[in-house]
*Asks:* 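The structure under discussion is supplied below as structure tokens; questions concerning it will follow.
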Amino acid sequence: MTEIRLPEMGLVVLVGVSGSGKSHFARRHFRETQVVSSDRCRAMVADDENDQSATGDAFALLHHIVRTRLRRGLLTVVDATNVQAGPRRQLLQIAKECDVLSVAIVLDVPESVAVARNAARADRDLPDHVVPRQRRELRRGLRSLQGREFKRAYVLNGVEEIDAATVVYEKAW
Ligand code: GTP
Ligand code: MG
């Protein structure tokens, strides 16, 4: 069982392909107000969680909320795919500016699981190539994510490990 140890305040970045269960995981382990979701931000600026033309504005809003919360000393969880290094770097830069620690939690599910879950969703209609592409991006970034990028990175492999994980908070880091 993986015990995810988090600082009482800092940045938590969820990482995983669409359908890996990030939003589900966030709901299970964190308070609603602690979670900043790119889909919610997209909805707030476009009235539609799937409007890709709103991505730039949605992430500007997400970064603004993350920066504001971190400055105010609040634990902040980013619910977005974060499979690409560029978006992770932007979040890490904000954490650095705010002088707080960053932890990544990677939800790594088999492609078949993510694809089957997405197919059953009313809120997603993804082209077939999206999940395989996101998985390739994730694979490419896994090593630097665990080594260079984050102070700590937890990689949960498969549905059972994700299900069994627990979160604890530590004062001293
Ligand atoms: P995107 O927002 O598209 O990036 O996906 P996501 O990673 O946030 O996935 P989400 O948490 O929305 O999960 C996708 C679907 O899988 C939802 O219908 C969830 O109910 C389901 N799901 C997520 N995690 C689990 C899990 O641990 N067990 C089961 N049985 N279903 C899950
Ligand atoms: Mg989600």
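The chain is numbered in sequence order, starting from 1. What's counted below: heavy atoms across the whole structure, side chains too, no hydrogens, waters or symmetry copies. For ligands, and for the atoms within them, numbers begin at 1 and follow the listed sequence. As the structure is a computational prediction, the values presented were derived from the model and not from experiment.
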*Asks:* Same cluster for L145 and I105 if Ile/Leu/Val/Met/Phe/Trp/Tyr side chains link at under 4.5 Å?
*Replies:*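 Unlinked, L145 and I105 end up in two clusters.
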
*Asks:* Has S23 got an N/O/S atom less than 2.8 Å from the Mg ion (ligand 2)?
*Replies:*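 Short answer: yes, at least one N, O or S atom is under the cut-off.
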
*Asks:* Are there over 12 heavy-atom neighbours, none belonging to R28, within less than 6.0 Å of that residue's CZ?
*Replies:* yes

*Asks:* Using a cut-off of 6.0 Å, state whether more than 12 heavy atoms not belonging to D47 lie near its atom CG.
*Replies:*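 Open: at most 12 neighbouring heavy atoms sit under 6.0 Å from CG of D47.
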
*Asks:* Any salt bridge between R71 and D99, counting N to O under 4.0 Å?
*Replies:* no

*Asks:* If you count only heavy atoms, which residues are under 4.0 Å from ligand 1?
*Replies:*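 Lining ligand 1: V17, S18, G19, S20, G21, K22, S23, H24, D39, T81, R117, R121, R124, D163.
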
*Asks:* Taking only residues at least two apart or on different chains, which pairs with a member in residues 79-88 satisfy side chain to side chain donor-acceptor pair (under 3.5 Å)?
*Replies:*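 Of all non-adjacent pairs touching residues 79-88, those that pass side chain to side chain donor-acceptor pair (under 3.5 Å) are S23-D79, Q84-E137, R88-E149.
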
*Asks:* For the residue pair L14 and L107, establish whether any side-chain heavy-atom pair is separated by less than 4.5 Å.
*Replies:*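 Heavy-atom side-chain distance check fails, nothing below 4.5 Å.
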
